[in-house]
Amino acid sequence: MTIQIDDTLFHLQTDHVSYVFHVMANGELGQLYYGPKIHAKTAYANLAAEDERGSMPALAVDQPAFQLEMLKQEFAGLGTGDYRYPAYQIENADGSRISEFRYDHYDLVDGKTRLAQLPSTFDDDADDAQTLTIFLKDAGNGVAATLHYTVFPHQDVIVKSVTYTNQGSQAVTLNDAYSSELDLPDAKYDLIQFSGAWTRERHLIRTPLRAGIQSVSSLRHASSHQQNPFFMLARPDTTDDAGEVIGFNLIYSGNFMDQVEVDHYETSRVLTGINPTEFAWQLDPGETFQTPEAILSFSANGMNQLSQQLSAFYQRHLVNPAFAHQPRPVLINNWEATYFDFDEDKLRTIVDQAQQLGIEMFVLDDGWFGHRNNDRSSLGDWVVNKAKFPNGLAHFVDQVHAKQMKFGLWLEPEMISEDSQLYAQHPDWLIAAPGRLKTPSRNQHVLDMSRQDVVDYLVKMVSDVIQTTKLDYIKWDMNRNITDLYGAQLPKSRQLEMGHRYILGVYQLYERLTKAFPNVLFESCAGGGGHYDLGMMYYAPQAWVSDDTDAVERLKIQFGTSYGYSQSMMGAHVSAVPNDQTGRQTPFKTRGDVAFFGDLGYELDVTKLTEADKRQITAQVARYKHYRPLLQFGTFYRIDSPFEGDGNVTSWAVVSADQQTAIAGWYQVLHHPNGPYQRLKFRGLLPEQQYVVNQSSEHFYGDELMRAGIILHPDMMTDVSNGDYQSQLFVVTAVQE
Ligand code: GLA
């Protein structure tokens, strides 16, 4: 039993964690505990103790000690004595905004069903999870709120969401509808968020909580380059290897809000869900609204363990099972090699060369369709450019397939150029506010994905392309955020639904395409890293991490990303030098060593390389393929952080499930002459096992490698030379007795 219920006390247990709440004296839900596992009991009087303070609003004259503001709640409203930010707000038919959800009953089942319109977690075989549903009702407006809790015991994950149903006779409006509220009894935490910008996404920022509101959010109608829905609350002394930490994420790709409120009693209320700004949802009688799912995970042993349990969880309960463990192909992408300037003959030379180097898939990027020779035209016209492919795209793809290589194609389905046939036919399909200027961004506009005719059109267009060209892979881009938001098909009272309806349209498109073409691998992109969220990962199990391919910049981007996401989710490419984003000249080997810890690809003109570089690619690809399951799906450990100290050294490692093989990557940005001694301490090995490191003659015990580490002297650093941007891989192999 992972969920234990005693009358109105609910104790959710994972292998190492407890989450306890109960029905309070007023019939609403109170939070009691979230943390390392505790014994199940029939009551926790101590945890539920009331405390009468000052002249505060109380439940009743004869119950002065029941003060909502003094209590940790599970699903807090606003307006009846708790002045903290609420988990929901409903505007009633008379304009009042008071609601109180009282407990009605519960339901407990094995497994976890998928949500109908949203990406979600699942336990299709109902053998690894248990779901508790709590039914609440507000007698005042007739709205029912259903709180869903699924416990995934082996990954220490709890998934939460809320369904609202209007069982009354008058329309109401949901103004706020968070997916999860978690009230914590103290505020001694650091908020760890992953923020940045286009080409420098997901940099780690760690700050202690303070009184008041702190939040991470997006109003771009995308999870965004700038912020990410994943964040952590860690104790001040928590590190990657030790200490308590809670991880939060949201399975959603639109506007989100992660908010922590530290109140005057130094408790913390954590809300995660759809951003209430630019959101409202009208619920007519009989209508239902489902929030996205929120993920909570707790580790008492540091952030590496948290990331590992999340990774295991995603592979088993979030990512498309067809791809969860499937090795991802080593690809070559022509974007940085040619940009828009290519034709079939040029690409064929790249394909021929790539095949000889051992690369497994060719990805044709932007510029293959309509009359697109720059970023000013043709989005929406997903028909081949005959000037570039006189014999059609299928003919070219056949040639790629004939070389035993897979073929992938770039598409940007949600977009439209004004210079396109689609715009000429359907000028009303792009999002714009009546009588106002249409704001361009990268010379393009966004299609109104809340319209069913738009989604149907795109299903047909993309399906045709997949079928006629026999695609193996799609890179789904989205190179701008929405402006001028207005839903031409929505009445005034529903305009604030537009952002969420847009995302539902995108999800519907993904759902229909992935169902119809189960063998096509989707990679989400969004200008590299602009849609890096679990909503996308449900459909597209990997994503282009960033448009920045510079190896040094990638250290921070991939290290930051690794906290909340798995290596197999990270597209990582080797590109040419000087790097197009930074102008930096890093060694070929370093670029490969960084890209190794993700889904490896190449993004450069392989026909222009020196013979020495070609030999390096051949060796890199062969080595990567040899260790591919370990590099893409192994247990990942962060070791030296580029976000600490001067950030000069980064290291990380992957370890096989049986702990017999590990690969560590060590990277140094600047070379310091006559520098200090450095050590690398491995992680995740068996203490009693003996290992060799890169064919060393000496045997090392696991405890020795982890506790003492190895000194990085020249004998060990065979691949490192004088100079900046050096790297070294260490392959650790168990000695068979
Ligand atoms: C975005 C992507 C790039 C490339 C271009 C093409 O920026 O992130 O990888 O596909 O679009 O326009």
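Read the numbers this way: they start at 1 and go in the same order the structure lists the ligands and their atoms.
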The side chain to side chain donor-acceptor pair (under 3.5 Å) partners of T469 (sequence neighbours excluded) come to none
F643 meets the ring-ring contact (aromatic ring centres under 6.0 Å, His included) criterion, sequence neighbours left out, with H203
Protein neighbours of ligand 1 with a heavy atom under 4.0 Å, given by chain and number, are W335, D365, D366, W410, R442, K475, D477, N479, C525, G527, G528, W544, D547
- prompt: Are H573 and W544 close enough that their ring centers fall under 6.0 Å?
  reply: yes
CG (L521) and CD1 (I474) are apart, to the nearest 0.5 Å, by 10.0 Å
Sorted by chain and residue number, the side chain to side chain donor-acceptor pair (under 3.5 Å) partners of T650 (sequence neighbours excluded) come out as none
What is the ring orientation for W652 with F636, classed by angle as parallel under 30°, tilted 30 to 60°, or perpendicular over 60°? tilted
